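Structure, as structure tokens:
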Amino acid sequence: MEKDQAEERTNHRRQKVTYYALFPAILCPFCLFFSYGYSIGTISSAVLPLRDFYRQTYQERYNATIDEATLDVLWALTATFYPLGGVFGAPTVPWLVRKFGRKKSLLLVQPICIVATLLLSLSEVIKSFETLMIGRFLLGIVGAIGTGITPMYISEISASHIRGIIGSLCTVSVVFGNLIGNVLGLKQVLGTSADWPYLLAITGIPSVIFIMYSPWLPTSPRVLYFDMGKYEETEKVLKRLRGSDDVELEIKSFEEEAKQSSKESVMSIFEVIKAKRVRWQMISVIVLMSSNQFSGINGIQFYLDQVFITAGIPPDLIDYVKLGVLVAQLIVTALAGLFCERFGRKSLLLFGDAMICVSIIVYTLMTAFQDQVDWFPYISAVASLGIICGVCIGPSLVYVIAPELLDQSSRPAIMTLGVFVLWIAFAIVTFATPYMFDALKFAVFLPFFAFMLVTLIYTFIVIPETKGKSLIDIQAIFGKRNKVSVVTTLDNHSKQTVHHNLAYEGDVVTRSKSL
């Protein structure tokens with residue numbers, strides 16, 4: 001064991017953090033996930049001028065005043081059209097990955113983001129709130145494709161010892177985009193009736209940056225090896241990504257994984273649904289992805305003002321409290337990425353889920369009795385911060401752990417299913433939350449508590465720790481639950497089972513045999 005750990009540390013030292021690998025691993029989450037967070041932040045912060053635009057447009061078009069109930073429905077639809085676009089975009093991920101690969105697929109969706117941005121920013125000029133809805137729908141399509149492909153891509157180009165930190169940049173970019181959207185959406189900045197089109201026009205800037213840098217993006221070495229069969233080019237790319245000529249261990253891990261998968265092609269969605277050998281992996285990814293939304297996070301983010309109003313925070317303090325919460329969220333998200341490599345994925349998932357459950361109970365009790373004690377509203381605000389930070393620590397790690405649970409053949413299809421479920425949950429939560437506030441009042445988050453409690457129990461029982469484990473180790477763990485033999489010798493006539501402790505993409509390669 002000590003020898004294995006020493007070899008692993010030596011291999012990590014060989015894998016340098018090169019600019020060729022690091023910059024794309026930072027750029028892709030920023031360009032694809034920043035717009036995700038920014039779209040949430042701008043709708044949350046510029047709600048008043050945008051609703052005024054709806055009123056004015058309706059008045060000019062129909063020569064009548066829109067009633068508040070109709071306006072509320074239109075506004076809920078506007079918020080929901082973003083995740084609804086994601087529901088339609090997510091199923092296209094396997095086809096895009098098979099047809100164009102990771103890198104080119106990410107590039108192809110950037111023009112859609114630019115078109116969507118034009119629709120958003122020009123909706124005031126052409127006096128059409130429907131144009132704004134269509135723009136958000138297109139942004140949702142781009143967001144779903146980005147969330148489906150980006151984690152796979154950056155995981156595959158990053159060195160093994162920083163993969164958890166790099167994967168957490170997806171969540172950091174969402175939070176950063178949300179923060180910037182809320183800051184720029186303040187009435188003192190661009191959150192006015194005259195300036196909100198400029199606020200929305202910023203959405204497309206990351207896409208322009210991505211297109212400009214795209215010629216220098218590396219192709220995933222796993223795509224080169226497994227999908228394209230370009231073995232020599234794989235070695236060349238790995239040497240550039242790792243900053244070392246010694247990539248033999250990583251190439252060996254590819255070879256062993258290729259033998260283990262025994263010429264399996266990339267599985268379709270229908271195949272993974274029927275395949276017994278990936279059943280629990282598929283269920284686990286779906287549970288983790290849905291928990292990312294049924295934690296209530298985007299209901300809170302879209303309607304953060306309403307959360308604080310319900311909690312009893314004075315209206316003149318809400319903007320400052322909101323920005324304080326978002327800054328704290330960004331800090332916690334960044335720290336979670338660092339802790340991911342130190343404490344492991346499963347530990348943070350459990351801690352984050354438990355933190356959400358406790359915070360929801362505190363928020364519910366403090367809000368229920370806010371009239372009895374003057375400082376209860378501020379405890380409610382802290383509890384809402386606890387919910388948000390709990391999501392950043394736990395459920396948001398789904399972008400890190402989900403690809404690590406899956407082998408090469410099932411990864412695109414299961415990630416697509418997971419992202420599809422995520423965006424359906426996103427749409428449900430976004431549309432339902434304002435009505436939940438009206439119906440449940442202080443108990444608005446209790447349905448999310450129930451779901452997160454179930455997720456906490458499921459994670460404790462089923463989800464394995466992936467830190468320090470090879471892909472084949474992880475598949476062997478799931479193989480016991482699926483009741484199939486995952487790792488066997490290539491000699492199908494032998495009853496001897498060989499368990500390979502093969503480090504995934506750059507970890508030490510060892511073998512242990514058991515009769």
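Given the structure is predicted, the values throughout are model-derived calculations rather than measurements.
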With no hydrogens and no angle check, just 3.5 Å: does a side-chain donor-acceptor pair link Y458 and S284?
yes
T459 side chain vs L350 backbone, donor-acceptor pair below 3.5 Å:
no
Closer than 3.5 angstrom, by distance alone: can the side chain of T367 be matched with the main-chain N or O of T364 as a donor-acceptor pair?
no
For F369, I'd like to know if atom CZ has over 12 heavy atoms of other residues, nucleotides or ligands within 6.0 Å.
no
Do the side-chain N and O atoms of D407 and Q281 include a donor-acceptor pair separated by under 3.5 angstrom?
no
Side chain proximity check, L119 to L138, heavy atoms < 4.5 angstrom
yes
For a 4.5 angstrom cut-off between non-hydrogen side-chain atoms, does P94 reach I269?
yes
Carboxylate-amine/guanidinium contact E156 R411, below 4.0 Å:
yes
Around atom CZ of F376, are there more than 12 heavy atoms of other residues, nucleotides or ligands at under 6.0 Å?
yes
Are any non-hydrogen side-chain atoms of Y38 and N178 less than 4.5 angstrom apart?
no
Taking every non-hydrogen atom, the tightest pair across S39 and T203:
OG-CG2, 4.3 Å
Heavy-atom side-chain proximity of R279 to R481 below 4.5 angstrom
no
Side chain to side chain contact (heavy atoms under 4.5 Å, CB included) between D353 and F460, intermediate numbers included:
CA-CA 10 Å; D353 291 350; F460 180 77; over 6 Å; no
Can you measure from CG (N298) to CZ (F426) and round to the nearest 0.5 angstrom?
4.0 Å
Y54 OH: over 12 foreign heavy atoms closer than 6.0 Å
yes
Looking only at atom types and distance, does a side-chain atom of Y363 sit under 3.5 Å from a main-chain N or O of I379, one as donor and one as acceptor?
no
Give a yes or no answer on whether the side chain of S105 reaches the backbone of L96 with a donor-acceptor pair at less than 3.5 Å.
yes
Any donor-acceptor pair under 3.5 Å from Q370 side chain to I313 backbone
no
Side chains of F478 and L405, heavy atoms from C-beta outward: is any pair under 4.5 Å?
yes
Which distance, rounded to the nearest 0.5 Å, do you find between the CG of L108 and the NZ of K99?
11.0 Å
Spatial distance of atom CD1 (I300) from atom CD1 (I40) [nearest 0.5 Å]:
11.5 Å
Test side-chain hydrogen bond (donor to acceptor under 3.5 Å, both in side chains) on R277 and S409; report intermediate values, then the result.
CA-CA 12 Å; R277 74 172 183 85; S409 63; 2.9 Å; yes
Say whether, by atom type as modelled, one donor and one acceptor occur between the side chain of K483 and the main chain of K480 under 3.5 angstrom.
no
Polar side-chain atom of E465 near backbone of K346 as donor-acceptor pair, under 3.5 Å
yes
Non-hydrogen atoms of C170 and T150 that approach each other most closely
SG-CG2, 4.5 Å
Is a side-chain N or O of S155 found less than 3.5 angstrom from the main chain of M152, in a donor-acceptor match?
no
If you count the non-hydrogen atoms of other residues, nucleotides and ligands that lie under 6.0 Å from CG in D316, is the total more than 12?
yes
Would you check, one step at a time, whether the test side chain to side chain contact (heavy atoms under 4.5 Å, CB included) holds for F339 with L397?
CA-CA 11 Å; F339 292 154; L397 285 179; over 6 Å; no
Between W423 and T147, is any side-chain donor less than 3.5 angstrom from a side-chain acceptor?
yes
Dump the intermediate steps for side chain to side chain contact (heavy atoms under 4.5 Å, CB included) on M282 and I273, then the final yes or no.
CA-CA 8 Å; M282 179 184 67; I273 291 174; 4.1 Å; yes
Taking side chain as C-beta onward, heavy atoms only, is Y36 less than 4.5 Å from Y82?
yes
Side-chain contact, heavy-atom cut-off 4.5 Å: L349 with I401?
yes
Do you know which two heavy atoms are closest between C28 and L106, and how far apart they sit?
SG-CD1, 4.5 Å
Indicate yes or no: at least one non-hydrogen side-chain atom of I477 is less than 4.5 angstrom from one of K469.
yes
On a heavy-atom basis, the closest approach of P403 and P151 is CG-CB, 4.1 Å
What I want to check is whether the side chains of Q306 and T310 have a donor and an acceptor closer together than 3.5 Å.
yes
Would F129 and L50 count as a side chain to side chain contact (heavy atoms under 4.5 Å, CB included) if you check the C-alpha gap in whole Å, the side-chain angles of each, and the deciding distance to 0.1 Å?
CA-CA 9 Å; F129 48 74; L50 284 171; over 6 Å; no
Rounded to the nearest 0.5 angstrom, the OG-CD1 distance for S168 and I393 is 12.5 Å
Test ring-ring contact (aromatic ring centres under 6.0 Å, His included) on F210 and F30; report intermediate values, then the result.
CA-CA 9 Å; F210 188 91; F30 172 76; over 10 Å; no
Heavy-atom count around Y435 OH within 6.0 Å, excluding the residue itself: above 12?
yes
Separation of T455 OG1 from I463 CD1 (nearest 0.5 Å)
9.5 Å
If I take atom OG1 from residue T92 and atom CD1 from residue I149, how far apart are they, to the nearest 0.5 angstrom?
7.0 Å
Can you see which heavy atom on S44 is nearest to which on N182, and at what distance?
OG-OD1, 3.8 Å
Nearest atoms (heavy-atom pairs only) where L471 meets L406
CD1-O, 3.2 Å
Backbone N/O of V484 and side chain of N482: donor-acceptor pair under 3.5 Å:
no
Is there a donor-acceptor contact under 3.5 Å from the side chain of S123 to the main chain of L120?
yes
So which of R102, R98, R222 actually passes side chain to side chain contact (heavy atoms under 4.5 Å, CB included) with D227?
R102
